[in-house]
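The next block holds one structure in the form of structure tokens; read it before the comments.
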Amino acid sequence: MAEGMTAREQATPGDFADATLAELGRQRIAWSSGNMPVLESIAKRFATEMPLAGVTIAACLHITTETANLLRTLKAGGAEVIACASNPLSTQDDVAASLVLDEGIETYAVRGEDSGRYYAHIDAALDRHPTITMDDGCDLVSRLHQVRPAQVGEVIAGTEETTTGVIRLRAMERDGALGYPIIAVNDADTKHMFDNRYGTGQSTLDGIIRSTNVLFAGSRVVVAGYGYCGKGVASRARGLGAIVTVTEINPLRALEAVMDGFRVAPMAVAAQDGEIFITVTGDRDVLRAEHFAVMPDGAIVANSGHFDVEIDLVALAKLADGRRRQVRPNVEEFAIPAAGGTKRVLVIAEGRLVNLGGAEGHPAAVMDMSFANQSLTVEWVLQHRAELEPRVYDVPAEIDEEIARLKLASMGIEVDVLTEAQRLYLSSWTSGT
Ligand code: ADE
């Protein structure tokens, strides 16, 4: 036995921060399980049918209580599961400890890990020769294809959780670089319409509020990007009484934001009077030197896009020229030149995903649907592996509908069914005016 390690710690390999946090993690995982009834019902079925027996799943996901319940479900279905962090700042250390020590799930994740350790964790998962990859942002799949091409052929299929990852995968597909089929779980209706909109909407504000205790009522909030995530953030900020401006590059989305009642303006204009800036575009350099230069003193800037590229922190650091300091946990102040002296720009969670860096990520009730999609999609790819090619696929509509049905049932909500006359009417083209 390695010196200083208990038998429990030795039993399952992994890299996590602190074994003493495992009990807290166990309690919090159980708490979120109470809000994941759809996943729970899948786990129960999986435990009797064992549809994932014989597969090894490498899951590169945010290591949260909700993810823990997904991993338990996959394990209940008979899979060998190895987990690693999909973001250096999103790991809940208590969860990582409990996964290894209570659940016996090999987990490699430490909150605040540097880039070297982050990729070492992905490599540790790949060392186990997965036959299924489950990714959130495409770092696992990208690493596998670029660094271990000989292993690509061992993989049956993969799933991808987020918009940014799907964009990268489609680029791989276009370049002929994708080596096996991947299902875009993000694109399922029961994922992005709820997780991206209501999950990101609520948890982004949660992250900013926990980090700063700022009052949204009456604040001028600028939301960059009006995809599902941006829509959620803008509507929740308005719900708290903020005066919201949306910035966009897509004319249709900009029009939608206008007709949803938001002010729409270019960032160069919005930056002049915004007080809280939230980027959710999926692209880089959304907030740049020219924007920092015109922001009011004390502007708060946060990112809720997948990667930490949306706020140009290199440019901000250059403007600050060394005048930067931590002013609260999770809040760094940059003092930059302004008329008559300096002004402050406050960056939350290092410009990384603020909902996971500053809070707990999306609530379990929405992750329930996202992770039900993950579980049922893995089961589906194993049943259909012979028909699948190295392409990006949508989640089958039957899975989406089944999850919506199960979620409604768990909420005690019933819906109408078509009468026979209605069904015939919808399938006919002869009756009109
Ligand atoms: N992505 C956003 N919120 C999440 C959560 N709570 N768990 C896992 N992935 C997430």
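We use all heavy atoms of the structure for the numbers below, so side chains are in, but hydrogens, waters and symmetry mates are not. The structure presented is a predicted model; accordingly, all values stated were derived computationally and were not measured. Ligands are counted one by one from 1 in listed order, and the atoms in each one are counted from 1 as well.
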Subject >> Check: Thr204 side chain, Thr200 main-chain N or O, donor-acceptor pair, under 3.5 Å >> reply: yes
**OP:** Anything with a heavy atom under 4.0 Å from ligand 1 counts, so go ahead and list those protein residues by chain and number.
**Re:** His62, Thr64, Glu66, Thr67, Leu356, Glu360, Gly361, His362, Met367, Phe371
Original post:
Cationic tip of Arg117 within the cone over Tyr119's six-membered ring, i.e. under 6.0 Å and within 45° of the normal?
Top reply: no
**OP:** Determine which pairs satisfy ring-ring contact (aromatic ring centres under 6.0 Å, His included) with at least one residue from residues 124-150, sequence neighbours left out, and list them in order.
**Re:** His145-Tyr180
**OP:** For Gln374, check side chain to side chain donor-acceptor pair (under 3.5 Å) against everything at least two apart and list the hits.
**Re:** Thr159, Glu161
Original post:
Would Arg238 count as a cation-pi partner of Phe262, with NZ or CZ less than 6.0 Å from the six-membered ring centre and within 45° of the ring normal?
Top reply: yes
Original post:
What pairs meet the ring-ring contact (aromatic ring centres under 6.0 Å, His included) rule with one or both residues in residues 65-100, with sequence neighbours excluded?
Top reply: none
